[in-house]
Amino acid sequence: TFIQAVVRDVTERRVAEKAREKLLKELRAKNEELESIVYIASHDLRSPLVNIRGFAGELEKSLSQLRELLESESLSESGRKELEQLFEIDFPESLQFINSGNRKMDTLLNGLLKLSRIGATRLTVKTLDMNRLFKGIVNSLRYKILQGEAKVTVDSALPGCCGDQVLIQQVFENLIDNAIKYHHPEQTPTVHISAETSDETVTYCVADSGIGIAANHIDKVFDVFHRLHPGTDQNGEGLGLTIVRRILERQDGHIWIESEVGTGTKVFVRLPRSPESS
């Protein structure tokens with residue numbers, strides 16, 4: 001009885017310690033998110049606001065000029081040229097910059113809303129059939145794969161893992177989409193998915209033959225609104241990998257990247273094998 005009590009006490013302590021470590025991990029992640037959001041609110045949102053304020057002022061000046069011209073008794077040749085300048089150049093330019101600033105703010109705010117919803121989503125954790133999941137992902141991305149003439153291969157008999165199916169699918173859809181999107185312009189885009197198991201976890205690898213990521217960007221790609229390849233003309237909010245990391249953190253997962261410019265990228269995702277190991 002004494003031995004049973006000691007074993008039970010040790011087990012309870014281990015469970016409590018694991019719960020404490022998990023809570024501390026979640027708190028650290030939340031603090032990092034809050035720091036990023038505060039930075040965005042004070043820096044990234046200020047830039048479009050300055051544009052809107054500045055070009056709204058320019059528009060106001062132009063309207064004042066227009067009012068003066070219209071109030072004059074006769075419109076001279078120079079007056080007509082001023083009107084042409086206002087209607088063909090000044091007004092459209094100011095409105096263009098105002099609308100651009102508005103779209104930028106809308107993107108930033110929508111992105112922050114998406115990120116906040118990840119933390120509020122209720123998880124349905126179960127053991128996942130990853131072969132079926134990846135088959136569904138490849139089918140859902142079929143148009144992009146054909147459009148990019150990409151080759152996507154998945155190892156057979158992938159081991160299962162523990163997680164929320166909808167969110168884990170979102171993780172790998174994002175990673176495969178990135179692998180196709182940032183392909184090497186002189187090579188056929190190739191993406192290969194493989195996996196390795198340990199006692200308690202499964203590590204999935206999404207490897208591509210793309211343009212790669214510079215060493216000084218690898219640690220930053222998970223930051224809020226950091227563009228993976230800012231030098232390209234690819235569209236995006238710069239939130240994909242931030243959301244991926246947030247999803248995985250909520251499910252005791254981990255993500256890291258190995259890459260070199262010009263030689264492709266490997267993205268590793270580690271997840272628990274079962275609910276007991278999470």
Side-chain angles (χ1 to χ4, degrees), residues 103-104 107 110-111 114 118 128-161 163 165-196 202-248 253-271:
R103 286 193 297 270
K104 176 67 173 176
T107 298
N110 282 334
K114 284 183 185 178
I118 293 296
L128 304 177
D129 182 341
M130 296 302 285
N131 298 288
R132 180 179 295 178
L133 185 138
F134 277 111
K135 184 178 180 180
I137 291 173
V138 171
N139 285 335
S140 70
L141 295 174
R142 181 65 59 190
Y143 179 76
K144 287 187 177 181
I145 292 170
L146 293 173
Q147 190 180 41
E149 299 181 346
K151 182 180 179 182
V152 180
T153 56
V154 183
D155 279 356
S156 59
L158 288 176
C161 67
Q165 181 168 330
V166 173
L167 293 180
I168 296 302
Q169 181 170 323
Q170 185 178 346
V171 164
F172 287 106
E173 276 184 356
N174 186 286
L175 297 181
I176 295 172
D177 183 54
N178 275 349
I180 297 169
K181 185 187 298 181
Y182 300 109
H183 65 273
H184 197 291
E186 299 175 1
Q187 297 179 15
T188 299
T190 62
V191 186
H192 181 69
I193 293 93
S194 59
E196 291 184 359
V202 185
T203 300
Y204 301 94
C205 176
V206 180
D208 67 54
S209 60
I211 57 180
I213 305 171
N216 62 327
H217 276 274
I218 288 179
D219 291 335
K220 299 176 182 177
V221 295
F222 300 106
D223 292 348
V224 179
F225 296 116
H226 182 83
R227 293 293 302 277
L228 183 62
H229 294 285
T232 70
D233 60 357
Q234 299 291 349
N235 295 322
E237 297 171 332
L239 263 179
L241 290 176
T242 307
I243 289 175
V244 162
R245 185 178 67 174
R246 185 71 188 99
I247 288 172
L248 293 172
H254 182 55
I255 183 169
W256 70 97
I257 294 174
E258 294 177 4
S259 183
E260 290 184 13
V261 173
T263 62
T265 298
K266 290 182 177 180
V267 182
F268 297 91
V269 173
R270 181 176 293 155
L271 286 160

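Worth knowing before you read on, the calculation uses all heavy atoms, side chains too, and leaves out hydrogens, waters and symmetry mates. This is a predicted model, so every value here is computed, not measured.
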Fill in: Test log, rule side chain to side chain contact (heavy atoms under 4.5 Å, CB included), inputs Ile243 and Asn174
CA-CA 9 Å; Ile243 289 175; Asn174 186 286; over 6 Å; no

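- When atom types are taken as modelled, the side chain of Ser209 and the backbone of Thr190 share a donor-acceptor pair closer than 3.5 angstrom.
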Fill in: Stepwise side chain to side chain contact (heavy atoms under 4.5 Å, CB included) check, Val152 with Val138
CA-CA 8 Å; Val152 180; Val138 171; 4.0 Å; yes

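- Heavy-atom neighbours of Gln187 CD from other residues, nucleotides or ligands within 6.0 Å: above the threshold of 12.
- Taking the side chain as every heavy atom from C-beta outward, Ile193 and Leu175 never approach each other to under 4.5 Å.
- In plain terms, the two heavy atoms of Met130 and Gly160 that are nearest each other are CG-CA, 4.0 Å.
- The structure places CG of Leu141 at 12.0 Å from CD of Gln147, a figure rounded to the nearest 0.5 Å.
- The minimum heavy-atom distance between His192 and Thr153, with the atom names listed, is ND1-OG1, 2.7 Å.
- The minimum heavy-atom distance linking Lys266 with Ala207 is given by the pair CG-CB, 3.8 Å.
- Across every non-hydrogen atom of Asn131 and Ala157, the tightest pair is OD1-N, 3.3 Å.
- Listed for the Thr203 side chain is no donor-acceptor partner under 3.5 Å among the backbone atoms of Phe268.
- The closest side-chain heavy-atom distance from Ile168 to Leu248 is below 4.5 Å.
- With ring centers used as reference points, Phe172 lies under 6.0 Å from Phe134.
- For Thr188, the side chain to side chain donor-acceptor pair (under 3.5 Å) test picks out no residue, with sequence neighbours left out.
- Without hydrogens or angle criteria, Asp155 side chain to Leu158 main chain gives no donor-acceptor distance under 3.5 Å.
- Val267 is not listed as a side-chain neighbour of Val244, based on a closest heavy-atom distance of 4.5 Å or more.
- Summarising the geometry, atom OG1 belonging to Thr265 is positioned 7.5 Å from atom CD1 belonging to Ile218; distances are rounded to the nearest 0.5 Å.
- From Cys161, atom SG reaches atom CZ of Arg270 across 13.0 Å, with rounding to the nearest 0.5 Å.
- Judged by distance alone, with hydrogens and angles left aside, the side-chain atoms of Tyr182 form no donor-acceptor pair with the main-chain N or O of Asp177 at under 3.5 Å.
- The backbone N or O of Ala214 sits nowhere less than 3.5 Å from a side-chain atom of His217 that would complete a donor-acceptor pair.
- Checking side-chain atoms of Asp208 against main-chain N and O of Val191 turns up no donor-acceptor pair under 3.5 Å.
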Item to complete: In sequence, state the C-alpha distance, the side-chain angles, and the governing distance for Ile211 and Val261, and then conclude on side chain to side chain contact (heavy atoms under 4.5 Å, CB included).
Response: CA-CA 6 Å; Ile211 57 180; Val261 173; over 6 Å; no

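- Between the OG1 atom in Thr263 and the NE2 atom in His184 there is a gap of 9.5 Å [rounded to 0.5 Å].
- Between Ile213 atom CD1 and Glu258 atom CD the span is 11.5 Å, to the nearest 0.5 Å.
- In this structure, the separation between NZ on Lys135 and CD1 on Ile137 is 13.5 Å, given to the nearest 0.5 Å.
- Heavy-atom minimum distance, Pro159 versus Ala195: CD-CB, 3.8 Å.
- In this structure, Gly264 and Ser259 approach most closely via the heavy-atom pair O-OG, 3.1 Å.
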